[in-house]
Amino acid sequence: MKKILFLLFPIISFAQQIDKVDFIKCTAFVVPEFDSKIVNGKITYQFKVKSAIDSIRIDAKNMSFTDVKINGKLVKFKNNNKELVLFEGFQTGKNKLNFSYQAKPKQTIYFTGIGDGQQIWTQGQGKYTSHWLPSFDDVNEKVIFNLNITFDEKFNVISNGVLKHVFPNKQQKIWEYEMQKPMSSYLVMIAVGDFRNQTIGSKSGIPLQLFIQPKDTSKFEPTYRYSKEIFDFLEKEIGVKYPWQIYRQIPVEDFLYAGMENTSSTVFAQDYVVNESGFNDRNYINVNAHELAHQWFGDMVTAKSGKHHWLQEGFATYYALLAERKIFGDDYFYNALYRNSMLLRKEAKTDTIPILNEKASSYSFYQKGAWALFYLHESIGEKLFQKAVKNYLKKYKFKNVETSDFLNEIAKVSDFDVVKFQKEWLEDYHFQTDKANELLKKSEFIRTLFEIQGQKNKSFEEKEAFFTEIMKSDGFYALKTEIIYQIINVPFVEKEKLIQFAMTNNEINVRQAVAETINTIPISFKTDYETLLNDASYETKETAFTTLWKNFPEEQSNYLELAKNWEGKNDKGLRILFLTYYQLNTNADANLKNSYYDELVNYTSPKYESSIRQNAIENVLEINPKDETVLKNLVNATTHHKWQFVKFARDKIRDLVKQDFYFDYFQHILPNLDNDEQFQLKRLLVK
């Protein structure tokens, strides 16, 4: 997963059960009901009792059970709303368990959208699949999961493994999926929606099935750009054949994080479905490579506990960087390492928890884990590193591991001091700055970057010639943006020639830096600055529009005319920008102003994704702080499944109710809200 809050692996509480009982295969018939948000199902588990045990537990949150049979006979059981507990009917050796269940999930499976835009998807990272499927919170219990899902025939249903059959069932269909190898329960998934797909073949013959909504078909190519190249590169670089029969990628709306590496079927956020301009602002490539790398590191070979989570996230982060290096080059790679190193140095000032601790931060597991692997890779050399990784993956295929398992493989192929490595990189919370800088300086780009940074205390006159030489060169864009930000406070008249060079080299990132750093636009630079409104970057357009609006009020109507058909990223950022600024234009058409205001308010409603709603709510409340419809939609946002949106709404309401008007208003509407909204609002109405 990419840039997400880490959800801890469960403490191994079933160790004794795993020693005595081995669950081998699960065949599940699952019926999710969209309107009631209930999951009904029937389960068959095949398991082996290896030695005597009093009771067997299956994690099952907030579920009810009927027809519980072991080896064909009805048995008594206990249900404590957290587990299904079996205590009779099983025997040493092979056993078969059958039961029906109904789940009322509070999390992990989400029912979103309306009408043809309905979606159902799961996010079980860590230990949460047991909220909708009786399974195992302990990642060390690996099972072959075969899911059969029944749903409305108008939709597409996706799960793990190969789609074997689709059966008609009145107005519904049954999708039958089959896995061949075992996996941890948190990697089981379902995705339901109106999806289309294209299938391409990897170099090794693995089908790569890439899904998209019909409304986004024009965005297919930029969204999935380099997908085949990434797959082929990782399979070759890792040196072990992709471990599953198929690989799918499915974007869903209002996903909780960037992506999730469910076995054979990655789910990722709709925000990464982009057109050409969106690709330049934030593309799917890093997330794409990161989640794919997890199919080896995490899905095939799984950490025994949260303490060793870096074996998943550190590896996925590092191999994603290697894939980006293959696509974008060495300078991009070293720039990413440098930026991560700066982040880690800053974090180490307050974050004193090392990697080998289940409470470590995501920065440690992801970025520091990747840096540790880069250091290891550079220390023993590419061939030995690849050999050790290959041996590690083959030895522990479909098993669980801890850090010593990997480091032992490093020790077998080299004389590298793994004990010292573990102490410095994994057990010490400090970042190894000196060693990192030594590796970074192998890059000519980094050496030049450091040279530019060394000019900070010099006058502009002293460094102008050097900076001009860099700006006119074909050097990596980060060198040029570093210069632009370093001279942000230099009077424009002095740096104008340098800025003109920046504007004419047609690099999006460099021109964007100009847009962000020139707040007062000289009239002589107006025409050149206006060209930024045509750049293939939504972020550049937004920055340039707002800066021009402030600098040239007499041109505001012209800028609105230019922006009237803009849409922007998934959050409709540019459309909402236009609608908002239209309200601020004193010369705007009154009828259009009303129509556009209604459109803006409409975007705050539950019909839209949270990113659109949040963007619209913030903008409406800036221009009309007492819009009752928007305030009601703000309260509704506190009941959303996406925690980031909920936090925004709660924080906003807490801030508003400090004022008497808002406190009284929310008190007034409280009785007319639904139960969930009332519950959430009551918690916030505290002065």
Side-chain angles (χ1 to χ4, degrees), residues 1 6-15 17-19 22-23 124-127 136-144 181-187 234 237-244 261-264 290-320 354-360 364-366 368-370 372-377 380 384-414 416 418-419 421-423 425-427:
M1 294 161 68
F6 171 58
L7 298 173
L8 291 178
F9 275 85
I11 297 172
I12 301 176
S13 59
F14 279 13
Q17 176 168 305
I18 289 176
D19 289 341
D22 181 18
F23 279 82
Q125 170 69 6
K127 57 178 181 178
F136 304 95
D137 292 350
D138 188 343
V139 299
N140 295 277
E141 181 66 89
K142 291 199 169 190
V143 180
I144 297 172
K181 301 296 183 181
M183 62 180 177
S184 301
S185 297
Y186 78 94
L187 298 165
L234 287 180
E237 179 71 21
I238 292 169
V240 175
K241 184 177 172 59
Y242 175 76
W244 320 104
E261 67 278 8
N262 310 293
T263 306
S264 78
H290 182 102
E291 307 307 339
L292 176 56
H294 270 311
Q295 298 296 322
W296 287 270
F297 305 101
D299 294 13
M300 185 180 79
V301 175
T302 310
K304 288 182 178 179
S305 70
K307 178 181 178 180
H308 306 284
H309 192 55
W310 83 282
L311 292 173
Q312 294 172 193
E313 298 302 347
F315 272 86
T317 302
Y318 182 56
Y319 277 94
I355 288 179
L356 282 184
N357 187 311
E358 63 181 15
K359 295 182 179 181
S364 292
F365 285 130
Y366 289 66
K368 192 173 181 183
L373 290 170
F374 177 58
Y375 175 78
L376 189 54
H377 179 282
I380 68 173
L384 292 181
F385 183 82
Q386 288 178 332
K387 183 178 181 180
V389 169
K390 186 175 181 179
N391 292 343
Y392 163 72
L393 290 175
K394 287 189 171 183
K395 183 174 181 179
Y396 296 103
K397 200 171 187 179
F398 309 116
K399 297 178 182 178
N400 295 80
V401 292
E402 53 190 30
T403 298
S404 60
D405 296 322
F406 171 64
L407 294 184
N408 286 342
E409 297 306 314
I410 294 292
K412 288 178 183 178
V413 301
S414 70
F416 182 74
V418 295
V419 174
F421 169 81
Q422 179 167 319
K423 288 181 178 179
W425 286 92
L426 308 181
E427 295 176 351

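Because the structure is predicted, anything quoted here is derived from the model rather than measured.
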*Can you tell me how far the NZ atom of K304 sits from the CG atom of L311, to the nearest 0.5 Å?*
11.0 Å

_For F315, the option from F365, F406, W296 that meets ring pair (Phe, Tyr, Trp, His ring centres under 6.0 Å)_ = F406

_T302 and Y186, any side-chain heavy atoms less than 4.5 Å apart_ = yes

*Could you grab the distance from atom NZ of K368 to atom OG1 of T317, nearest 0.5 Å is fine?*
14.5 Å

*Measuring from F416:CZ to F421:CZ, what's the distance to the nearest 0.5 Å?*
6.0 Å

*Where is the tightest heavy-atom contact between Q295 and P243, given as atom of each residue plus distance?*
O-CG, 3.5 Å

*Do H294 and E313 have a side chain donor and acceptor closer than 3.5 Å?*
yes

*asked:* I need the minimum non-hydrogen distance between V401 and D405, along with the two atoms involved.
replied: CA-OD2, 3.4 Å

_Check: P182 and V143 side chains under 4.5 Å, non-hydrogen atoms_ = no

*Going by heavy atoms in the side chains, are E261 and F297 under 4.5 Å from each other?*
no

*asked:* Side chains of Y319 and L292, heavy atoms from C-beta outward: is any pair under 4.5 Å?
replied: no

*For atom NZ of K142, decide whether the heavy atoms of other residues, nucleotides or ligands shown that lie under 6.0 angstrom number more than 12.*
yes

_Can you confirm whether more than 12 heavy atoms, excluding those of K241, are under 6.0 Å from its NZ atom?_
yes

*Could you grab the distance from atom CZ of F385 to atom CD1 of I410, nearest 0.5 Å is fine?*
6.0 Å

*Quick one: closest heavy-atom pair of L234 and A293, and the distance?*
CD1-N, 4.0 Å

*About how many Å separate CE of M300 and CE of M183, when rounded to the nearest 0.5 Å?*
15.0 Å

*asked:* Measuring only between side-chain heavy atoms, which start at C-beta, is N391 closer than 4.5 Å to K387?
replied: yes

*For residues D22 and E141, determine if any side-chain heavy atom of one lies less than 4.5 Å from a side-chain heavy atom of the other.*
yes

_Residue pair V419 / Q422, side-chain heavy-atom distance below 4.5 Å_ = no

*For the atom pair NZ (K359) and NE2 (H309), what is the distance rounded to the nearest 0.5 Å?*
16.0 Å

*For H308 and L356, which heavy atoms make the closest approach, and how far apart are they?*
ND1-CD2, 4.0 Å

_Does T403 form a side chain to side chain contact (heavy atoms under 4.5 Å, CB included) with W310? I'd like the steps, not just the answer._
CA-CA 9 Å; T403 298; W310 83 282; 3.0 Å; yes

*Which pair of heavy atoms, one from V418 and one from L407, lies closest together, and at what distance?*
CG1-O, 3.7 Å

*Answer yes or no: is there a donor N or O on one side and an acceptor on the other, between the side chain of E409 and the main chain of V389, under 3.5 Å?*
no

*Test item: N400 side-chain N/O and V139 main-chain N/O as donor-acceptor pair under 3.5 Å*: yes

*How about Y366 and H290: are their ring centroids closer than 6.0 Å?*
yes

*Does the side chain to side chain contact (heavy atoms under 4.5 Å, CB included) test come out yes or no for Y318 and L376, once each step is laid out?*
CA-CA 11 Å; Y318 182 56; L376 189 54; over 6 Å; no

*Do you know the tightest heavy-atom contact between Y242 and S264?*
OH-CA, 3.5 Å

